[in-house]
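Only one structure is covered here, and it is reproduced in the block below.
This one's a predicted model, so the numbers in the text were calculated from it and none came from an experiment. All heavy atoms count here, side chains included; hydrogens, waters and symmetry mates do not.
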Amino acid sequence: MNAPAADNPVFGSIPPVIALRNLTRTYQMGDAEVRALGGVSLVIERGEFVAIMGASGSGKSTMMNIIGCLDVPSSGRYWLDGVDVRGLDETRLARVRNRKIGFVFQSFNLIPRTTALANVELPMLYAGVGSKERRARAVAALDMVGLSERSGHFPNEMSGGQQQRVAVARALVTNPALILADEPTGNLDTRSSEEVMNIFEALNRAGRTVVLITHEPDIAARTKRTVRLRDGLIIADEPTSDTRHPADAGAIR
Amino acid sequence: MTVVLDLTTAIRGLAANKLRSSLTVLGILIGVGAVIILVAVGNGSSLAVQNRIKALGTNTITIANRGRFGRGPATSGTQTQAATITAADIATMSDPNQAPDILSVSPVLGASVTASYQSASSTVSVTATSPTYLPAEDYTVEAGRSLNSADISNSAQVALIGQTVLTNLYPAGANPIGTEIYMTEGKNEAQFQVIGVLASKGSATGTTDPNNIAIIPYTTAEGLLTGYTNDFQRIIVEAKSAGTVNAAEQEASDILASANQTTVANLPFFVLNEQSLLSTSASTTSTFTVLLGAVAAISLLVGGIGIMNIMLVTVTERTREIGIRKAIGAPRRAILGQFLTEAVLLSLFGGLAGVAVGLIGSRFKIVGVKPVATPTSVVEAFVVAVAVGIFFGFYPANRAASLRPVDALRYE
């Protein structure tokens, strides 16, 4: 499954978690062709904590879908944890999503009518982990997000913050190369946002690679590196500073 | 992905919409129940008809001299003398060397007489015959004794009476064995000693009462009731087994044809083979049963379409859930398995409930027929129901499995 070494000579012995080279994505809207990504190159190394920022329509959702292997680029190359995802069939893409990526969505996206514990167990179920180990790891993951006493609760019995923490537990339980969060605090109040961001920070401190897609500068400010998108192109890529970048003014609504 | 987990996920999915799931199950239930009950009704009526025919005796062939009733041409071609069945013919047919497949031959002389005992009297049909007639026609003796060869050779004035005769002539509880009854036909009158009572027998046609009968030796009848005749109007040939009925018929026909110096085709006899009657009726009733089953199968098909319909709704409703599952790594076959399991569970529950309803329903008499549920129809209906679930569940499940995760996640 790994790309041949000759094909990606830029990588050392430890491949970057994400390597995008000249990535484009166009959509066909009737007769018109809409270019959502217009040639993006980006490398995110292991252990980074990155915010991808941009306004609506900047192409950040498209980028998130491609990075998350939910969508495929129109052209360009994408290596995820050293694996060239181009040309992988549906089954292999599912396996890549399962093993290498932990998703956190804006709208939590827990399976309804299914307990917090079962939700966290689900990705391991698809990975074929035995039931005992599954249970133990799910309990540990819930414990880590501070929800071990809620493991028997259903999504509709929990607050938004709690649901999002269950989603984070589900994302990290498979020990993925990348935790990919799409506007994880978009539907949360300040306190819950704070709790969720604390968890992401803790995960990053523990060595996890975390990529957040956001349009909130406060959230981006807590990461270590900020990538800004506008009109499908990267306009800035720099270490996060406390001072706001002038480009933010245009990006934020 | 284990089967157990598929099952728990599927049950949870079905339980989320209990009313909808139950109505879908009901569709299959009605289909399976209808197949079982209607096939059982078909079988029941078929069995009823066959039992009536079997009451005639399935191994027997009735050969009647058509000429004597004046129906049809008594003779044909060069044959000018009316064909007859004589005692010598019966002796030839009874010879195992000449007719190896014939077990017995019983001559039958029938007459309608007025029987009386003390002050009671009633019209009784008398059958004058030989002892072999009783087993051939499935008559059994309930009390007393049957006819024997001594009765025949002595032309004994003895009679066996049926249940209807017993009730008509005797007061309730009286023992008729040894009593004397009078039989009158026109100017002839004779006295008979009752030697036995026949067990009750089912009606073959439903129009004549087989229990309003008196059986007497044919040698006796010749002198007393019908006047002496050299030929018999009717004989009952009993084959050795059900499988040799046709061979026995052939042998009997050949013997009679050669005795009458004619061919089998020209023989003016009416030959009634009970076996062929049985197989004709069996094929008629099985057509009837198949027709009933086919009508019921349509409702099973409609139930299957109900499953497909509801699964399509379910898949649409749960598009987002499918997207989430795919995003966190559910392979195509896991999604396919999950929704197919739901569809199969619906049909499985429907099938089981339908079998229960069908079996319970088959216990009641329906339009005068006692249904007989056969294990085959029950198993078939159940298997078809489950197959219907798989067939009609596949398309919606495949549709769910084919959704692109990015589209499914965006679905509101």
- Query: Less than 4.5 Å apart, any side-chain heavy atom of B/P405 and any of A/R97?
  - Reply: yes
- Given B/R333 and A/E90, is the salt bridge (Lys or Arg N to Asp or Glu O under 4.0 Å) satisfied, shown in steps? CA-CA 11 Å; B/R333 80 188 129 75; A/E90 204 191 315; over 6 Å; no
- Query: What are the two closest heavy atoms between A/A94 and B/A330, and how far apart are they?
  - Reply: CB-O, 3.8 Å
- Query: Mind checking which of residues 383-404 of chain B sit less than 4.5 Å from chain A, heavy atom to heavy atom?
  - Reply: B/A401, B/R404
- Measuring heavy-atom distances to chain B, does A/R99 have an atom under 4.5 Å in its side chain, in its backbone, in both, or in neither? neither
- Mind ranking B/L409, B/V406, B/I328 by heavy-atom pairs under 4.5 Å with chain A and telling me who comes out on top? B/I328
- Could you grab the distance from atom CG of A/N98 to atom CZ of B/R325, nearest 0.5 Å is fine? 13.0 Å
- Which residue pairs pass the salt bridge (Lys or Arg N to Asp or Glu O under 4.0 Å) test when at least one of the two sits in residues 364-379 of chain B, sequence neighbours left out? none
- Task: Heavy-atom pairs under 4.5 Å with chain A are the metric here; pick the option from B/A327, B/P331, B/A15 that has the most.
- Result: B/A327
- Message: Within the 4.5 Å heavy-atom criterion, are B/I324 and A/F103 side-chain neighbours or not?
- Response: no
- Over all atoms of both residues, closest heavy-atom pair of B/A16 and A/R113: CB-NE, 3.1 Å
- Task: Could you look at A/L93 and say if it's the side chain, the backbone, both or neither that has a heavy atom under 4.5 Å from chain B?
- Result: neither
- Item | Neighbours of chain B found in residues 61-71 of chain A - heavy atoms under 4.5 Å | A/N65, A/L70, A/D71
- Message: If we define contacts as heavy-atom pairs under 4.5 Å, which of A/L122, A/I101, A/L110 has the most with chain B?
- Response: A/L122
- Members of residues 285-323 of chain B whose heavy atoms come closer than 4.5 Å to chain A: B/R318, B/R320, B/E321
